[in-house]
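Lettering follows sequence order; numbering is per chain, from 1.
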There are 2 protein chains.
Amino acid sequence: MSDTYSRSGASPPGSKIVEPTYEGDFVLDGPLELECGRALACPTLHYAVYGRLNAARNNAVLVCHALSGSALVGSWWPEIFAPGAVLSLEHDFVICINVLGSCYGSTGPGSVNPDTGEIYGPDFPLVSVRDNVKAQAKLLDSLGIRRLRLVLGGSIGGMQALDWTILHPERVERALIIGVTPLSAMGLALNHLQRQAIQHDLEWASGRYLPQRPPRRGLSLARQIAMISYKSAPLFDERFGRNPDRSGEDPYSANGAASGLTGGRFDIAGYLDHQGKRFIDRFDANAYLAILRAMDTWDPLRGYASPVEAFGRIRARLSFIGISSDWLFPAEEVRRFAESIRQAGALADYREMTSDHGHDAFLAEQVELVRLLQ
Amino acid sequence: MSDTYSRSGASPPGSKIVEPTYEGDFVLDGPLELECGRALACPTLHYAVYGRLNAARNNAVLVCHALSGSALVGSWWPEIFAPGAVLSLEHDFVICINVLGSCYGSTGPGSVNPDTGEIYGPDFPLVSVRDNVKAQAKLLDSLGIRRLRLVLGGSIGGMQALDWTILHPERVERALIIGVTPLSAMGLALNHLQRQAIQHDLEWASGRYLPQRPPRRGLSLARQIAMISYKSAPLFDERFGRNPDRSGEDPYSANGAASGLTGGRFDIAGYLDHQGKRFIDRFDANAYLAILRAMDTWDPLRGYASPVEAFGRIRARLSFIGISSDWLFPAEEVRRFAESIRQAGALADYREMTSDHGHDAFLAEQVELVRLLQ
């Protein structure tokens with residue numbers, strides 16, 4: 001079944017995965033004090049590197065991944081490494097670090113809390129985007145990297161990239177921030193819906209679900225809610241329209257799959273179900289909640305007296321990219337956000353990617369993204 | 001608590017409810033044969049009338065309600081009756097009929113199936129918009145009304161209004177169709193999400209839930225998903241922004257209400273929860289599913305060889321209204337839909353209501369709607 005939806009995969013068809021030079025763990029040698037007042041005792045950061053650090057140590061690039069991404073940037077963003085594209089395996093030393101809270105190797109709700117000997121589960125604290133940047137900086141210290149030629153990312157990856165330029169102004173030369181602003185009320189609403197979808201699951205058990213019985217249906221619905229916000233209405237119309245589900249269900253049937261109240265599915269419903277199903281095989285519900293909360297609470301001005309005090313710290317040259325059909329982080333809002341940062345005294349330009357793929361375009365249309373960046 | 005959100009009520013503040021002249025039931029004297037191939041045995045239509053039918057019987061107006069509406073149009077659309085507005089209690093005889101499948105008096109999933117002596121529940125068949133129009137025509141026959149001066153409605157009410165002009169061209173003089181087209185793929189997606197929200201509820205029981213234990217959390221989530229599609233992102237930003245919940249929760253707290261994974265709510269989340277809670281006290285989950293399916297399957301061209309064959313039947317003068325900030329039924333799509341009907345040979349004009357209230361504007365901004373219609 002996955003083939004029928006291959007166009008929706010994160011990697012463009014025909015893209016060849018780029019293998020990392022090294023993939024491993026970095027364990028902090030002490031507690032990570034968190035913004036929320038709690039701490040993570042010696043958390044692990046799982047990371048991957050591509051290419052080699054040069055002798056001058058001035059060719060490092062940090063890629064920050066989005067919600068459901070991993071440290072393996074060469075797997076989910078391969079076109080960024082294409083010849084003449086954004087990154088070069090020959091010239092750059094690319095690092096990508098799995099965010100804290102995730103289920104792809106870094107410490108998250110599925111990890112054992114050394115203080116209790118049990119897995120964190122719902123007791124995992126709020127680890128903010130800033131907390132992540134703080135931990136990432138320690139990893140870079142351990143690699144002997146003082147300065148980044150470039151930090152880049154889309155969505156929550158872009159949140160990390162911007163926080164890098166504010167928190168460590170002396171360490172970043174350039175930043176590329178794609179499809180992101182602080183979440184709008186609509187964005188917060190969409191996350192609130194997803195949270196409930198997970199929490200309403202029969203197996204949820206207040207987050208203390210058994211590993212072999214996770215809240216699969218709830219996580220699937222959360223992913224489906226997210227998918228409608230990642231894509232655009234025109235794309236859905238073009239791909240699915242009002243067609244019946246391709247497996248042959250009849251939306252006009254008297255009874256359909258379940259009852260007269262539900263009936264056969266339309267194609268868009270089959271697509272969403274498929275996306276949900278794919279996701280539950282690769283992601284954990286508590287990790288999902290942890291990262292949603294990091295997104296929700298991201299506000300680069302929080303704790304600063306003014307935009308000038310926050311953004312005026314920036315020494316890097318920033319480029320913002322808006323996506324024309326993105327309704328989760330509308331292009332116009334990204335443009336205004338970039339403008340507000342420029343007005344606060346930082347160097348920031350704005351470019352727009354024309355795509356009907358919505359927010360997802362930075363992953364779904366990598367070739368087009370690379371073209372815009374060249 | 002309801003006062004804090006009074007701006008979101010369907011009736012504008014200060015609007016005075018208009019009382020019906022009569023409210024009662026009409027029972028069909030035989031089975032209603034349905035498009036899906038099944039039948040409803042002698043279904044009941046609950047309806048309300050306002051004003052008096054004149055001697056010439058040429059002052060009848062049919063108002064068709066939206067998903068969660070009722071026959072009491074004077075309660076949910078009072079400004080339509082304001083002096084000099086669209087309808088006049090002095091000159092018009094206004095009829096509003098609760099749709100089949102609803103829980104406000106007409107036969108629906110909560111009714112007893114006379115064939116079995118048990119309530120329909122999930123066995124309630126697909127009752128399409130056309131099926132409703134067919135039943136409504138029988139009610140009008142019983143009242144001695146051959147011809148309608150006007151039929152009007154928004155959302156699924158507009159679907160009914162247009163079907164009236166196609167199925168009974170000789171019986172309608174004018175139609176006013178607000179904020180509607182056949183559901184787009186995005187619209188079908190949103191309904192698919194809502195359906196799952198209900199079906200995932202602990203109490204769902206495949207639709208055979210006990211009346212005293214309905215799937216409340218699921219219906220609340222379904223309503224919240226619907227609410228984000230009824231409103232607009234700019235409205236949410238203006239009203240709620242990134243403010244913490246007005247009851248005093250802290251979204252940045254270490255633990256918040258439940259755990260480190262959820263935290264305190266933002267104001268938009270508190271608003272959505274409140275909307276969900278209000279809704280579960282007034283609506284039934286199976287009825288909700290029944291009407292979603294009628295919306296999903298509405299396609300006025302279904303069964304006709306061409307747009308000309310379907311829309312060419314129309315003898316009424318049609319006016320379509322799009323709402324500038326509606327993303328469930330985008331104004332541009334409504335304009336194109338009206339244009340396609342005009343090209344098929346019917347008289348159809350298009351007007352646009354400027355509002356940041358989204359799809360909901362026809363209920364939330366009635367004074368502005370009336371101004372546009374004058």
Side-chain angles (χ1 to χ4, degrees), chain A residues 34-38 109 122-126 182-186 188-190 192-193 195-197 199-202 206-207 217-218 221 224-225 228 233 236-237 239-242 251-255 258-263 265-269 272 286 289-290 293 296-297 299 302 327 330, chain B residues 35-38 109 122-126 182-186 188-190 192-193 195-197 199-202 206-207 217-218 221 224-225 228 233 236-237 239-242 251-255 258-263 265-269 272-273 286 289-290 293 296-297 299 302 327 330:
Chain A
L34 305 172
E35 278 197 284
C36 71
R38 288 176 60 187
D123 298 325
F124 192 76
L126 165 57
L183 270 182
S184 67
M186 182 62 88
L188 294 169
L190 283 156
H192 181 62
L193 301 176
R195 208 171 275 123
Q196 290 174 80
Q199 294 175 327
H200 289 186
D201 191 290
L202 283 159
S206 301
R217 296 207 307 171
L221 180 54
Q224 294 181 49
I225 296 169
I228 71 155
F236 279 173
D237 275 335
R239 277 198 193 171
F240 307 108
R242 294 183 46 82
Y252 300 95
S253 62
N255 287 306
S259 80
L261 294 183
T262 49
R265 293 176 302 175
F266 284 90
D267 202 29
I268 179 69
L272 290 172
N286 279 341
L289 292 174
R293 203 168 170 218
D296 273 4
T297 55
D299 178 355
R302 198 172 140 76
W327 65 274
Chain B
E35 277 197 285
C36 70
R38 289 175 60 186
D123 298 325
F124 192 76
L126 166 57
L183 271 182
S184 67
M186 182 61 90
L188 294 170
L190 284 156
H192 181 62
L193 301 175
R195 208 170 277 123
Q196 289 174 80
Q199 294 176 327
H200 289 186
D201 192 291
L202 282 161
S206 300
R217 296 207 308 171
L221 180 53
Q224 294 180 51
I225 296 169
I228 71 156
F236 280 172
D237 275 335
R239 276 198 193 172
F240 308 106
R242 294 184 46 84
Y252 301 93
S253 63
N255 286 306
S259 80
L261 294 184
T262 50
R265 293 176 302 174
F266 284 90
D267 201 29
I268 179 68
L272 289 172
D273 284 344
N286 279 341
L289 292 175
R293 205 170 167 217
D296 274 3
T297 55
D299 178 354
R302 199 172 140 77
W327 65 275

Non-hydrogen atoms of B/Tyr252 and A/Thr297 that approach each other most closely
CE2-O, 3.3 Å
For A/Leu34, is it the side chain, the backbone, both or neither that has a heavy atom under 4.5 Å from a heavy atom of chain B?
neither
Contacts of A/Arg217 that satisfy side-chain contact (heavy atoms from CB on, under 4.5 Å) - sequence neighbours left out
A/Asp201, A/Leu202, B/His200
Under 4.5 Å from a heavy atom of chain A, the part of B/Leu183 involved
both
Quick check on B/Pro109 against chain A: is it the side chain, the backbone, both or neither that has a heavy atom closer than 4.5 Å?
side chain
Taking side chain as everything from C-beta outward and backbone as N, CA, C, O, which of these in A/Leu289 sits under 4.5 Å from a heavy atom of chain B? Side chain, backbone, both or neither.
both
Which residues share a salt bridge (Lys or Arg N to Asp or Glu O under 4.0 Å) with A/Asp237, sequence neighbours left out
none
CD1-CD distance between A/Ile225 and B/Gln224, expressed to the nearest 0.5 angstrom:
9.5 Å
Which pair of non-hydrogen atoms, one from A/Ala189 and one from B/Ile268, has the smallest distance, and what is that distance?
CB-CG1, 3.7 Å
Heavy-atom distances under 4.5 Å only: say whether A/Pro182 touches chain B with side chain, backbone, both or neither.
both
Euclidean distance, A/His192 NE2 relative to B/Asp273 CG, rounded to 0.5 Å:
3.5 Å
Let me confirm one number: the CG-CG distance from B/Leu221 to A/Leu221, rounded to the nearest 0.5 Å.
6.5 Å
What heavy-atom pair brings B/Asp299 and A/Arg242 nearest, and what distance separates the two atoms?
CB-NH2, 4.2 Å
Testing the basics here: between A/Pro251 and B/Arg293, what is the closest heavy-atom pair and its distance to 0.1 Å?
O-NH2, 2.9 Å
Residue of the set A/Phe240, A/Phe236, A/Phe266 for which side chain to side chain contact (heavy atoms under 4.5 Å, CB included) holds with B/Leu188
A/Phe266
Grab the two heavy atoms, one from B/Gly241 and one from A/Ala185, that are nearest each other, plus how far apart they are.
O-CB, 3.4 Å
